[in-house]
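Take a look at the structure below.
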Amino acid sequence: MEHVFPTGFLWGAATAAYQIEGAVAADGRGPSIWDTFAAVPGAVLGGVGGDPACDHFHRHRQDVELLRELGLPAYRFSTAWPRVMPDGRTVEPRGLAFYDRLVDDLLAAGVRPLVTLYHWDLPQALQDRGGWCDRDLVGRFTDYACTVHDRLGDRVADWTTLNEPFCSAFLGYGVGVHAPGLSDAGAALVAAHHHLLAHGAAARALRERGRPGDRLSIVLNFSPALADGDDAAHRDAARRFDVLHNRFFLDPVLGRGYPQDLFADVAHLAALEPAIRDGDPALIAAPVDWIGVNYYAPTRVAPLADLRAPSNCPLPGLRGVDVLPPRGPLTSMGWEQHPESLTELLVWLGERCGPVPLVVAENGAAFVDVVDPDGRVRDVGRTRYLAEHLRAVHAALARGADVRGYLAWSLLDNFEWSFGYTQRFGLVHVDFDTQRRTVKDSGRFFAEVVARNAVPAG
Ligand code: BGC
């Protein structure tokens with residue numbers, strides 16, 4: 001027995017520039033905030049940075065060949081702003097030329113390219129002027145987006161403005177575990193607002209200069225809140241977490257503005273309110289053709305006795321919520337494996353976003369993988385994770401959610417941000433000493449799912 005997906009369902013895998021490219025000084029690339037952050041002692045496990053990562057900059061042909069071998073019809077990658085504009089504003093033709101070659105190679109291999117314009121690698125020169133706390137970045141990002149689109153738009157139809165503004169703004173400016181490493185809740189909320197404005201402004205500009213078939217999107221990460229009890233206080237704790245983690249980003253994109261309960265529950269909004277100007281909500285609500293859904297794990301929550309007390313979870317301004325340890329089977333990131341949450345999330349999003357369809361733009365898991373002496377990587381845990389989560393997507397489809405595709409995270413083991421090279425998410429194993437690629441058992445399993453357009457029943 002197997003669960004068959006709708007005809008035309010989009011299958012593929014995803015990566016991000018800073019996590020795979022390496023070659024941080026090649027062809028005029030400028031430094032990004034992640035180069036700077038990774039050089040701070042203690043910021044990244046093992047004291048490493050994104051160079052050489054997977055050396056994809058020099059090995060992209062081989063990686064495109066892997067996509068072809070696996071039979072993946074689509075590939076989501078990001079362009080690096082500091083490669084295209086080393087100082088954040090001046091175009092470096094050699095940087096653009098790299099993506100030109102990549103797109104041509106993908107098309108020659110029959111792989112549909114999906115471009116993400118921003119996956120967290122801000123040019124350092126722009127951070128020096130305030131980074132995402134500076135409203136001027138909205139215009140800068142729009143210029144950059146148009147520059148890439150002008151070059152690739154004759155061959156690329158799928159354009160994602162931002163990947164996970166939650167991480168870029170909240171983890172980077174509020175929690176301090178991502179670049180630029182600031183811990184300022186007010187700054188994080190303002191940075192988040194500027195991300196959303198940049199999305200809206202760039203989406204409008206791309207729509208104006210794009211072709212009729214262009215599909216514009218934003219990719220958001222969601223962590224459904226699982227309350228540890230069914231009473232009103234527990235439900236309220238889940239709501240408080242959900243508003244900041246999920247609805248803060250989704251609702252303005254959908255044209256609903258910031259959720260009103262945010263203003264009741266969250267501290268430090270005094271910093272955010274003056275940053276919101278007349279016309280901002282309309283700008284953010286630029287029409288999109290799909291919403292990208294990144295899902296890895298839920299978050300378990302309970303209420304604190306004092307609803308004004310800061311949460312143990314350092315999300316900017318979160319109050320009254322006790323975030324509990326994950327339960328059951330965990331991945332090597334320590335994240336809970338809970339496929340049911342993916343079904344519920346997609347059903348909820350389907351209702352909230354409709355008629356705008358959804359694409360699962362990232363889903364996957366890290367485990368400790370080894371290449372056996374016979375050259376195989378028997379990553380049973382990841383294969384099981386993928387199978388369960390694909391069945392979860394299918395269950396959401398059966399309940400009416402309009403999900404159009406699934407992109408596995410990630411094609412390759414790569415630089416896992418502050419975890420350095422200690423966490424492997426790839427369908428393909430990368431030996432970081434030799435740069436040897438080995439397709440894992442999970443990669444073969446996924447290739448089979450794609451070929452059959454179906455996942456085996458559990
Ligand atoms: C990000 C990826 C990251 C993955 C696993 C997502 O939040 O988009 O860049 O590697 O999660 O942590």
Side-chain angles (χ1 to χ4, degrees), residues 12-22 32-34 37-38 44-45 48-50 53-54 56 75-81 114-122 160-172 174-175 177-179 192 195 199 217-224 245-246 249-250 291-299 315 326 330-338 341-342 345 359-369 379 381-382 385-386 389 406-430 432 442:
T15 61
Y18 191 71
Q19 295 182 272
I20 63 165
E21 284 181 2
S32 78
I33 54 173
W34 267 95
F37 182 67
V44 174
L45 273 181
V48 293
C54 308
H56 171 78
Y75 175 54
R76 171 176 175 243
F77 64 95
S78 77
T79 49
W81 191 346
L114 284 79
V115 171
T116 297
L117 289 158
Y118 187 71
H119 201 128
W120 313 348
D121 43 359
L122 186 72
T160 295
T161 53
L162 306 178
N163 177 73
E164 302 189 355
F166 168 93
C167 293
S168 180
F170 286 2
L171 303 186
V175 187
V177 294
H178 278 196
H195 275 82
H199 154 73
S217 59
I218 184 169
V219 169
L220 303 175
N221 58 310
F222 297 91
S223 186
H245 196 295
N246 304 321
F249 295 90
L250 179 67
I291 300 277
V293 182
N294 290 359
Y295 169 81
Y296 291 90
T299 303
L315 291 189
L330 306 181
T331 69
S332 66
M333 291 290 280
W335 294 348
E336 181 165 343
Q337 298 181 51
H338 200 261
S341 284
L342 178 55
L345 172 66
V359 170
V360 177
E362 284 180 31
N363 175 239
F367 289 97
V368 177
D369 300 320
D379 56 336
R382 183 175 299 96
Y385 180 99
L386 288 176
H389 286 76
Y406 177 99
L407 309 172
W409 184 268
S410 176
L411 175 66
L412 303 168
D413 291 340
N414 58 45
F415 175 76
E416 178 50 32
W417 307 112
S418 52
F419 294 89
Y421 297 97
T422 64
Q423 299 292 330
R424 295 180 174 275
F425 277 88
L427 299 173
V428 176
H429 181 275
V430 176
F432 292 107
S442 62

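First listed ligand is number 1; within each ligand, the first listed atom is number 1. Heads up: numbering here begins at 1 and tracks the sequence.
- Contact between N221 and ligand 1 is absent, with no heavy atom of the residue lying under 4.0 Å from the ligand.
- Residue contacts with ligand 1: Q19 is placed with a nitrogen or oxygen under 3.5 Å of a nitrogen or oxygen of the ligand (distance criterion only).
- At least one heavy atom of H119 sits under 4.0 Å from some atom of ligand 1.
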Quiz item: Hey, mind stepping through F37 and H178 against ring pair (Phe, Tyr, Trp, His ring centres under 6.0 Å) and telling me if it holds?
Solution: CA-CA 8 Å; F37 182 67; H178 278 196; 7.6 Å; no
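- Side chains of N414 and W409 form a contact here, defined as non-hydrogen atoms less than 4.5 Å apart.
- Atom 12 (O) of ligand 1 has its closest protein heavy atom at E416 OE2, 2.6 Å.
- Between E362 and ligand 1, an N or O atom pair is found at a separation short of 3.5 Å.
- The distance from the CD atom of Q19 to the NE2 atom of H119 is 5.0 Å, given to the nearest 0.5 Å.
- Within the structure, the closest approach of Y296 to ligand 1 falls below 4.0 Å when heavy atoms are considered.
- In the vicinity of E164, heavy-atom distances shorter than 4.0 Å reach the ligand 1 atoms 1 (C), 6 (C), 7 (O), 8 (O).
- Using a 4.5 Å heavy-atom cutoff, the side chains of I33 and W120 are not in contact.
- Residue F166 does not touch ligand 1, judged by heavy-atom distances below 4.0 Å.
- Residue contacts with ligand 1 do not include F415, since none of its heavy atoms lies under 4.0 Å from the ligand.
- Looking only at side-chain heavy atoms (C-beta outward), I20 and L411 stay at 4.5 Å or farther from each other.
- In this structure, T116 contributes its side chain and T160 its backbone to no donor-acceptor pair below 3.5 Å.
- The residues R382 and D369 are annotated as salt-bridged, a charged nitrogen and a carboxylate oxygen being separated by less than 4.0 angstrom.
- With ligand atoms numbered from 1 in the order given, ligand 1 contributes 8 (O) to contacts under 4.0 Å with heavy atoms of N163.
- Using a 4.0 Å cut-off to heavy atoms of F425, the atoms of ligand 1 that qualify are 5 (C), 12 (O).
- Any N or O atom pair closer than 3.5 Å counts here, and W409 shares at least one such pair with ligand 1.
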Practice problem: List the steps, then state whether side-chain hydrogen bond (donor to acceptor under 3.5 Å, both in side chains) holds for S332 with Q423. | Solution: CA-CA 7 Å; S332 66; Q423 299 292 330; 2.6 Å; yes
